[in-house]
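Each remark here refers to the structure printed beneath this line.
Residue indices begin at 1 and follow the sequence shown. Please read all numbers here as calculations on a predicted model, not as lab measurements.
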Amino acid sequence: MRFTLRSHVLAPVILMAAAFTAHSAMAETKLDVPFNFTVDGKPCPAGQYTVRVDERANAVHMTGAARGFTWLLVPDNSLSNNNRVILKFDEVGSQHILRSVQYHNQTTTRLDKRSKVTDSVPAQSITGF
């Protein structure tokens, strides 16, 4: 009886851990940004950035070698059935400023509100899956 009880308790725990690991692996995307950029006035170097969502899929985390950022996500009906991760940048002079992060069919609000960007078309987008 001890063996059966232990098996009934341990098996679901192992399955839940495996499911969480698989979910975490799927919810992370690595993107190479080939230029320096700023986020809310903070400088970020060119390089590889990891974008992932939290367990509830209501916040996106972007981390690089020098910094990490977290923003809330809002649903965007125009992005339905989209499985891409996109970093959108505005270009002001020679500077790149992160405009928004899209994670599948959700996106952040505009992140570069303090910049003097008036053009609604992003200068550059970097896409990952």
For this session: Please lay out, stage by stage, how Tyr49 and Thr29 fare under the test side chain to side chain contact (heavy atoms under 4.5 Å, CB included).
Result: CA-CA 8 Å; Tyr49 286 82; Thr29 301; over 6 Å; no

For this session: Dump the intermediate steps for side chain to side chain contact (heavy atoms under 4.5 Å, CB included) on Asp54 and His61, then the final yes or no.
Result: CA-CA 8 Å; Asp54 67 1; His61 309 279; 3.7 Å; yes

Exercise. What do the steps show when you test Val60 against Val51 for side chain to side chain contact (heavy atoms under 4.5 Å, CB included), and what is the final call?
Worked result: CA-CA 7 Å; Val60 64; Val51 177; 3.5 Å; yes

For this session: Kindly indicate, with the supporting measurements, whether the criterion side chain to side chain contact (heavy atoms under 4.5 Å, CB included) is fulfilled by Val85 and Leu31.
Result: CA-CA 9 Å; Val85 176; Leu31 299 164; 4.0 Å; yes

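Residues Ile86 and Ile126 have side chains not in contact (no heavy-atom distance under 4.5 Å, counting atoms from C-beta outward). Inter-residue side-chain proximity for His104 and Arg84 is flagged as unmet; no heavy-atom pair is nearer than 4.5 Å.
Looking at residues two or more places apart in sequence or on another chain, you find no side chain to side chain donor-acceptor pair (under 3.5 Å) involving Asn58.
Side chain of Thr108 to backbone of Val101: a donor-acceptor contact under 3.5 angstrom is found. Panel note: side chain Asn36, backbone Ala46; a donor-acceptor pair is recorded below 3.5 Å. Side-chain N or O atoms of Arg52 include none that pairs as donor or acceptor with a backbone N or O of Thr63 at under 3.5 Å.
Asp32 CG to Gln48 CD: the interatomic distance, rounded to the nearest 0.5 Å, is 5.0 Å. Rounded to the nearest 0.5 angstrom, Asn83 CG and Tyr103 OH are separated by 9.5 Å. Here NZ of Lys30 is found 3.5 Å from OG1 of Thr50. Values are rounded to the nearest 0.5 Å. Distance check: Thr107 OG1 to Asp76 CG gives 6.5 Å after rounding to the nearest 0.5 Å. Interatomic distance, Gln102 CD to Leu73 CG, rounded to the nearest 0.5 Å: 10.0 Å. Annotation: the span from Phe37 atom CZ to Leu98 atom CG amounts to 6.0 Å, rounded to 0.5 Å.
Nearest heavy-atom pair, Val39 versus Cys44, reported as atom, atom and distance to 0.1 Å: CG2-SG, 4.0 Å. Counting all heavy atoms, side chain and backbone alike, Gln106 lies closest to Pro75 at CG-CA, 4.2 Å.
Using a 30° and 60° split on the angle between ring planes, Phe69 and Trp71 fall in the parallel class, below 30°. Between Phe35 and His96, the ring planes lie parallel to each other; the angle is under 30°, not in the 30° to 60° tilted range.
A salt bridge between Lys88 and Asp112 is absent, with no side-chain N of the basic residue lying under 4.0 Å from a carboxylate O of the acidic one.
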